[in-house]
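The structure appears right after this line, and notes come after that.
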Amino acid sequence: MSTFPSMQGLLNHSSSLNASSFRAARFCIARKFSSTAAREKQRVVILGSGWGGYGLLRGIDKKRYDVVVISPTTYFNFTPLLASTAVGTLEFRTAIEPVRRYVPAAVYYQAWCDNIDFSRKTLTCMPATRPITREASDPTKVDDPNYRASANIPFTARYDKLIIAVGAYSQTFNIPGVKEHAYFLKDVKDARRIRSRILECFEQANQPVISDVERRNLLNFCVVGGGPTGVEFAAELHDLLQTDVRTHYPDLARFTNITLYDVADSILSSFDQSLVKYTEKMFSREGVHILTNHHVERVEAGKLFIREKGEVPFGLLVWSTGLAPNPLVSAMSGVKKNPKTQSVITNDQLNVIMQETNEPNPDVWAIGDAATFEEAPLPATAQVASQKAHYMITKLNTLAKDKDHCEPFEFHNQGSLAYIGNWNAIYDRSSTLPEGEKDKFMSKETGRVAWLLWRSAYFTMTLSWRNKILVPTYWFLNWMFGRDMTRF
Ligand code: FAD
């Protein structure tokens, strides 16, 4: 196929191209059979390049499998560092790893998987690049499946073994205006938008023509959702306001305000109560307001409507109220799903359970936020996704040697960490310990000790040597010279 020379041998037309309707063209990624090949290599398709998908891509034996990754993002997001990049404590590059690092050992397509046919073992995918056809292209609509279908060329991919690691989306509870006016923090692109908006708020507030009331409104930063992501973002933003904002916008610092809203009666519900109290005390001392039992009813441009408080003007609203199912998973039929979260149910070896037979599918696995167990579900965290990816590496690499690996997946909880600002953090391992040992040495830590644990944990977990050098370098540079406050 002349148009895709680099894919020769991997791509094979499943149906001939219809010249009059190029949009409807379909390609089938099918391995070229070699008559001399002693043993057919199986095609493993990994959907997603997050903690689950990228983790598996790193370790899977690419000599024994044809590995194909299909993901709309060309990189892996190191999510625990996103809040730091959103305020400039770290640069964006430090929180991502490129998928193409593993090419040509693996094949990568920047595409969405829109449908899985489990009986035919095929996937319908849509390029996540801008439309190749000359039809109207609107990059702002690229997340809308109807738009993608109308403006791009779908292709079909075949798999022998499939790993679904498509993660989840941000939950909005269908509250009107959230999607349009709030910022989410799931991807480095979101972090970039947030950073740009924060700096824009300051530049707008700095205009000579506006009143102090307008300044106060613009510099009112609201965070909805008191989970670890919301808390860490509020903490990082607080650090920015207390340091570089005071240097670069000395007249505006007094107008700034951060409020964290949550509908529940407490923040950080997964942490031990003593650590929650500690965080609340620290936030209150540092001037970060926590308003629990507050219900957001709707959002308009620059305005939040709260049942208990009325209208609240804001310059930036960051929304982090948990997870909503990935549309691929919501639309997926034939597999058993958790009725509440819509995540795919797997057995203890991570195979998806087929609805009709109630039996595990031997060639399809689901990991990460898109998957759950029927009984005793695990939290939707990077820790779980990454451990499941490691389990899959062992499983698939063992299967490739014609041996079976039947050990069930076992989660080893390493505890939870959250940064809470001003070089303080909280660390909780107590929930992993049996009753009576919950107050054991180092089971809960706060302050600088926990902060050191937080930084060392994420430095250790950083995947590439490049980022192992860049992360501490930026920590040091920004501590020494301050954050980069340039708005692009
Ligand atoms: P993701 O990492 O979200 O990856 C999903 C992948 O699938 C992405 O590459 C996406 O582009 C791709 N995809 C989506 N749809 C499709 C499709 N239709 N077809 C193909 N590919 C698709 N957890 C912790 O344990 N510790 C932390 O400190 C921590 N901090 C966090 C901070 C933030 C800001 C956020 C947002 C999350 C944090 N988490 C943390 C949670 C953790 O990031 C998630 O649990 C983890 O990312 C889940 O991994 P995953 O592979 O399932 O999904």
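The residues of the chain are indexed from 1 along the displayed sequence. We count ligands from 1, going down the list as the structure has it; atoms in each ligand are counted the same way.
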Consider only side-chain N and O atoms of Glu286 and Asn422, and report whether a donor and an acceptor are under 3.5 Å apart.
yes

Under 4.0 Å from a heavy atom of Ile70: give me the atoms of ligand 1 that qualify, with their elements.
20 (C), 21 (N)

Quiz question: by atom type and distance under 3.5 Å, do the side chains of Thr73 and Ser49 form a donor-acceptor pair?
yes

Should one rank Ala128, Ala382, Ala457, Gly48 by closest heavy-atom distance to atom 24 (C) of ligand 1, which comes out on top?
Ala382

So which of Val384, Val166, Thr229 gets nearest to atom 16 (C) of ligand 1, if we judge by its closest heavy atom?
Val166

Out of Val188, Thr79, Val69, Asp190, who gets a non-hydrogen atom closest to atom 32 (C) of ligand 1?
Thr79

Heavy atoms of other groups near Arg93 CZ, more than 12 under 6.0 Å:
no

Ignoring angles and geometry beyond distance, decide whether Gly52 reaches within less than 3.5 Å of ligand 1 through its nitrogen or oxygen atoms.
yes

Ligand 1 and Gly53, any nitrogen or oxygen pair closer than 3.5 angstrom?
no

Which atom names give the shortest non-hydrogen contact between Tyr108 and Ser71, and what distance separates them?
OH-O, 2.7 Å

Just go through Cys113, Ala385, Ala191 and tell me whose heavy atom is the nearest to atom 18 (N) of ligand 1.
Cys113

Find all atoms of ligand 1 within a distance of less than 4.0 Å from any non-hydrogen atom belonging to Gly50, and give their numbers and elements.
1 (P), 2 (O), 4 (O), 6 (C), 9 (O), 51 (O)

Looking only at heavy atoms of Ser71, does any of them come nearer than 4.0 Å to an atom of ligand 1?
yes

Can you name the atoms of ligand 1, numbered from 1 with element, that are less than 4.0 Å from a heavy atom of Asp369?
44 (C), 45 (O), 46 (C), 48 (C), 52 (O)

Below 4.0 angstrom from a heavy atom of Gly167, which ligand 1 atoms are there? Numbered from 1 as shown, please.
5 (C), 52 (O), 53 (O)

Cut-off 3.5 Å, no hydrogens considered: what does the side-chain donor-acceptor table look like for residues 220-230, sequence neighbours left out?
from	atom 1	to	atom 2	distance (Å)
Asn220	OD1	Asn257	ND2	2.9
Asn220	ND2	Pro313	O	2.8

Neighbour count >12 (heavy atoms, 6.0 Å) for atom NE2, His390:
no

Under a 4.0 angstrom heavy-atom cut-off, which atoms of ligand 1 come close to Gly368?
52 (O)

Does Phe476 have more than 12 heavy atoms from other residues, nucleotides or ligands lying within 6.0 Å of its CZ?
no

Could Lys468 and Phe78 be counted as a cation-pi pair, given that NZ or CZ must be under 6.0 Å from the ring centre and within 45° of the axis?
no

Subset of ligand 1 atoms that lie under 4.0 Å from at least one heavy atom of Tyr458:
26 (N), 27 (C), 28 (O)

Can an N or O of Trp51 be found at a distance shorter than 3.5 Å from an N or O of ligand 1?
yes

Flag Asp114 as yes when one of its N or O atoms lies below 3.5 Å from any N or O atom of ligand 1, and as no otherwise.
no

Under the ring pair (Phe, Tyr, Trp, His ring centres under 6.0 Å) rule, collect the residues that match up with Tyr102, sequence neighbours excluded.
Tyr54

